[in-house]
Amino acid sequence: MARAALRFARARHAGQYREIDHAPFIDHAIEVGWLLRRDGQPDEVIAAGLLHDVLEKTATTAAELQSRFGAQIARLVESVSDDPSIIDRTSRKRELRDRVARADARTRAGFAADKIANVRELALLPASQLDEPKHRAKLAHYRASRKMLHRVASQLALLDQLDVELDRLVAPTVTTRRRTAGARTKPQNAQGRENRSFAR
């Protein structure tokens with residue numbers, strides 16, 4: 001089932017690229033699936049991890065997922081997908097976190113794996129860029145997601161990895177600038193190396 005999900009996700013995400021490093025978008029789905037596999041999750045959860053973005057980022061429908069992969073996998077994918085009827089991003093992400101908080105352990109595992117992969121992608125940015133509004137919003141959602149998971153699923157094994165990745169992602173500090181003689185200090189790049197862990 002996971003192999004079939006990978007083939008389907010690869011076809012649906014064809015031509016899509018990640019915003020930060022312009023890698024093929026399927027790399028993100030593969031990393032989520034790999035994290036779930038390493039966590040010992042069953043095949044259907046790994047499959048849902050590989051498919052977790054097809055509802056949000058492709059023309060795939062929930063009915064199509066159910067027809068191809070069954071009700072359980074379709075439900076898992078829907079459980080970690082944004083509600084498109086909520087226009088405001090902050091409200092949409094809050095609703096998603098609240099929904100995951102009420103969900104089962106498998107949904108929370110998929111959600112946590114996605115956040116780990118997302119934080120790793122964010123870590124590819126120079127530290128100075130983390131302070132841009134769109135990246136601050138993402139980081140706020142990831143931190144709120146961690147807080148929610150600690151509240152409702154503190155025994156979740158993947159939560160330890162999410163803690164590690166978020167703690168490693170140090171927010172940029174305000175660089176002291178010397179105003180005398182017009183001297184300026186450039187922000188240092190705290191993310192000098194890539195932190196990828198994709199399954200190939």
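Below, all heavy atoms of this structure are taken into account, side chains as well, without hydrogens, waters or symmetry copies.
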| said: Test side chain to side chain contact (heavy atoms under 4.5 Å, CB included) on Leu158 and Leu36; report intermediate values, then the result. | reply: CA-CA 8 Å; Leu158 285 165; Leu36 292 166; 4.0 Å; yes
When rounded to the nearest 0.5 Å, the distance separating CG of Leu125 from CG of Asp21 is 9.0 Å
Item to complete: Please step through salt bridge (charged side-chain N to carboxylate O under 4.0 Å, His left out) for the pair Glu165 and Arg168, ending with a clear verdict.
Response: CA-CA 5 Å; Glu165 300 296 343; Arg168 184 179 296 160; 3.5 Å; yes
Query raised in the report: According to the interplanar angle, ranging from 0 to 90°, do the rings of Phe25 and His13 count as parallel (below 30°), tilted (30 to 60°) or perpendicular (above 60°)?
Result: tilted
Practice item. In sequence, state the C-alpha distance, the side-chain angles, and the governing distance for Asp163 and Arg146, and then conclude on salt bridge (charged side-chain N to carboxylate O under 4.0 Å, His left out). Key: CA-CA 7 Å; Asp163 285 337; Arg146 171 171 68 173; 3.5 Å; yes
Given side chain to side chain contact (heavy atoms under 4.5 Å, CB included), test Glu64 with Val54 step by step and report yes or no. CA-CA 11 Å; Glu64 183 179 7; Val54 297; over 6 Å; no
Taking Val100 as the starting point, is it possible to reach Val45 by hopping between hydrophobic residues whose side chains are less than 4.5 Å apart?
yes
Original post:
Does the pair Arg94 and His141 meet the rule for a side-chain hydrogen bond (donor to acceptor under 3.5 Å, both in side chains), with working shown?
Top reply: CA-CA 8 Å; Arg94 184 185 306 114; His141 171 52; over 6 Å; no
Note: Ala62 and Ala74 closest approach over all heavy atoms is O-CB, 4.1 Å
With heavy-atom distances below 4.5 Å as the criterion, would you say the side chains of Leu169 and Leu130 are in contact?
yes
Nearest heavy-atom contact between Thr61 and Leu55 is C-CD2, 3.5 Å
* Please lay out, stage by stage, how Arg10 and Ile30 fare under the test side chain to side chain contact (heavy atoms under 4.5 Å, CB included). => CA-CA 9 Å; Arg10 193 184 297 277; Ile30 290 172; 4.0 Å; yes
Above 12 or not: heavy atoms from other molecules or residues under 6.0 Å from CZ of Arg89?
yes
**Prompt:** Is the shortest distance from a Lys or Arg side-chain nitrogen in Asp131 or Arg136 to a carboxylate oxygen in the other one below 4.0 Å?
**Reply:** yes
Considering residues, nucleotides and ligands other than Arg99, do more than 12 of their heavy atoms fall under 6.0 Å from its CZ?
-> yes
>> Taking Phe69 as the starting point, is it possible to reach Ile46 by hopping between hydrophobic residues whose side chains are less than 4.5 Å apart?
In response: no
- request: Measure from NZ or CZ of Lys138 to the centre of the six-membered ring of Tyr142 and say whether it is under 6.0 Å with the direction within 45° of the ring axis.
  value: no
* To do: Kindly indicate, with the supporting measurements, whether the criterion side-chain hydrogen bond (donor to acceptor under 3.5 Å, both in side chains) is fulfilled by His28 and Asp114.
  => CA-CA 8 Å; His28 170 72; Asp114 178 40; 2.8 Å; yes
Item to complete: Decide, yes or no, whether a salt bridge links Asp104 with Arg75 under the criterion of side-chain N to carboxylate O below 4.0 Å.
Response: yes
Report task. Assess whether side-chain hydrogen bond (donor to acceptor under 3.5 Å, both in side chains) is satisfied between Arg12 and Thr60, documenting all intermediate values. Result -> CA-CA 8 Å; Arg12 291 302 167 97; Thr60 307; 2.7 Å; yes
- Query: Is any NZ, NE, NH1 or NH2 atom of the basic residue among Asp82 and Lys57 found under 4.0 Å from an Asp or Glu carboxylate oxygen of the other?
  - Reply: no
